[in-house]
Q: 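Below is a structure I'd like to ask you about.
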Amino acid sequence: GIQVEQSPPDLILQEGANSTLRCNFSDSVNNLQWFHQNPWGQLINLFYIPSGTKQNGRLSATTVATERYSLLYISSSQTTDSGVYFCAVRNSGNTPLVFGKGTRLSVIA
Amino acid sequence: GAGVSQSPSNKVTEKGKDVELRCDPISGHTALYWYRQSLGQGLEFLIYFQGNSAPDKSGLPSDRFSAERTGGSVSTLTIQRTQQEDSAVYLCASSFNPRVQAITYEQYFGPGTRLTVT
């Protein structure tokens, strides 16, 4: 099945810094989503981005489907950005998502 | 409702007991998914439903696990004779309402049920 690798596994930032999280996948996809899992365990939808570029406030994402990777950019990080960021993909229909192992982000004041 | 809801939010049970976890998907969503997340781990797929049928049960870890969905809406995940290794957060997600959104297949997750087997 499709494989998803995220990097880095852990990241510590000073408040106000920028960061880039990467997601590599092993096959073509029809769905790629970025999630933020907050300290209470809730998965928050950040982006649905099987291709192209999207921006939402301080966050933006780019997926280059032909090269099988996606990037999540966080600018001017805040302590509330802390948590685990997951990339998840699937390659057909409405089938289940395959998740990466996540990037654990800690933003310190 | 506005989002995916799950109940109970927390469940503590003794080893060997049966438990039922409930998921209410977003209204009109045709697909429903169960995942679980063990402490500090990523998400592991269990089973998904398209309507009331389950095309893929490949993630169920043992025959102690079963799930059903009725009326194309609510789903129940049942774990029989619970074991300590079943302790995890069980997450439900739903996707795709062709009457409301474009066909993006974007999945939306509920808050999860934290199961602790003692």
Side-chain angles (χ1 to χ4, degrees), chain A residues 1-10 21 23-25 28-52 54 56 61 63 65 70 82-106, chain B residues 2-6 9-10 23 25-26 29-51 53-60 67 72 88-98 101-116:
Chain A
I2 194 166
Q3 305 294 314
V4 182
E5 292 185 1
Q6 291 186 243
S7 60
D10 295 280
L21 281 58
C23 172
N24 292 334
F25 43 96
S28 59
V29 298
N30 73 348
N31 179 359
L32 188 147
Q33 291 183 241
W34 283 98
F35 298 92
H36 175 214
Q37 188 166 43
N38 65 22
W40 297 271
Q42 176 73 53
L43 278 167
I44 310 297
N45 288 40
L46 296 178
F47 293 102
Y48 170 85
I49 187 166
S51 64
K54 291 185 178 179
N56 184 2
T63 297
S70 183
S82 296
V84 183
Y85 289 80
F86 287 104
C87 169
V89 305
R90 68 174 163 215
N91 57 9
S92 66
N94 224 356
T95 54
L97 289 169
V98 176
F99 281 77
K101 294 185 177 181
T103 292
R104 182 173 299 276
L105 175 65
S106 300
Chain B
V4 179
S5 61
Q6 293 186 244
S9 55
N10 281 285
C23 172
I26 293 172
H29 272 193
T30 56
L32 185 149
Y33 309 81
W34 284 99
Y35 299 84
R36 75 175 176 181
Q37 185 176 29
S38 301
L39 187 62
Q41 301 297 309
L43 273 77
E44 171 191 13
F45 162 71
L46 298 177
I47 185 171
Y48 98 98
F49 291 89
Q50 183 64 45
S53 64
D56 189 349
K57 304 179 182 179
S58 62
L60 294 177
V89 176
Y90 289 80
L91 290 155
C92 175
S94 69
S95 68
F96 185 45
N97 179 351
Q101 65 181 100
I103 302 177
T104 64
Y105 303 117
E106 184 170 2
Q107 286 189 23
Y108 297 87
F109 281 79
T113 293
R114 183 174 300 277
L115 175 67
T116 303

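Naming: A, B, ... by sequence-line order, numbering from 1 per chain.
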Q: Can you pull the salt bridge (charged side-chain N to carboxylate O under 4.0 Å, His left out) pairs that have at least one residue in residues 28-47 of chain A, sequence neighbours excluded?
A: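 Checked against salt bridge (charged side-chain N to carboxylate O under 4.0 Å, His left out) - neighbours excluded - no pair reaches residues 28-47 of chain A.
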
Q: Which bit of Ile47(B) comes within less than 4.5 Å of chain A, counting heavy atoms only: side chain, backbone, both or neither?
A: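 Contact with chain A is absent: no heavy atom of Ile47(B) under 4.5 Å.
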
Q: Checking Asn45(A) now: which residues fulfil side-chain hydrogen bond (donor to acceptor under 3.5 Å, both in side chains) with it, not counting sequence neighbours?
A: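 If we apply the side-chain hydrogen bond (donor to acceptor under 3.5 Å, both in side chains) test to Asn45(A), skipping adjacent residues, the hits are Glu106(B).
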
Q: Do Leu43(A) and Leu43(B) have side-chain heavy atoms sitting under 4.5 Å apart?
A: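 Sidechains of Leu43(B) and Leu43(A): in contact.
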
Q: Which pair of heavy atoms, one from Gln33(A) and one from Gln107(B), lies closest together, and at what distance?
A: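 For Gln33(A) versus Gln107(B), the nearest heavy atoms are OE1-N, 2.8 Å.
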
Q: Any sub-3.5 Å donor-acceptor pair from Tyr35(B)'s side-chain atoms to Pro96(A)'s backbone N or O?
A: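 Checking the backbone N and O of Pro96(A) against the side chain of Tyr35(B), no donor-acceptor pair under 3.5 Å is found.
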
Q: Heavy-atom distance under 4.5 Å to chain A: side chain of Phe109(B), backbone, both or neither?
A: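 Both parts, heavy atoms under 4.5 Å.
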
Q: Are Phe86(A) and Gln37(B) close enough that some pair of their side-chain heavy atoms sits under 4.5 Å apart?
A: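 Yes; the side chains approach each other to less than 4.5 Å.
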
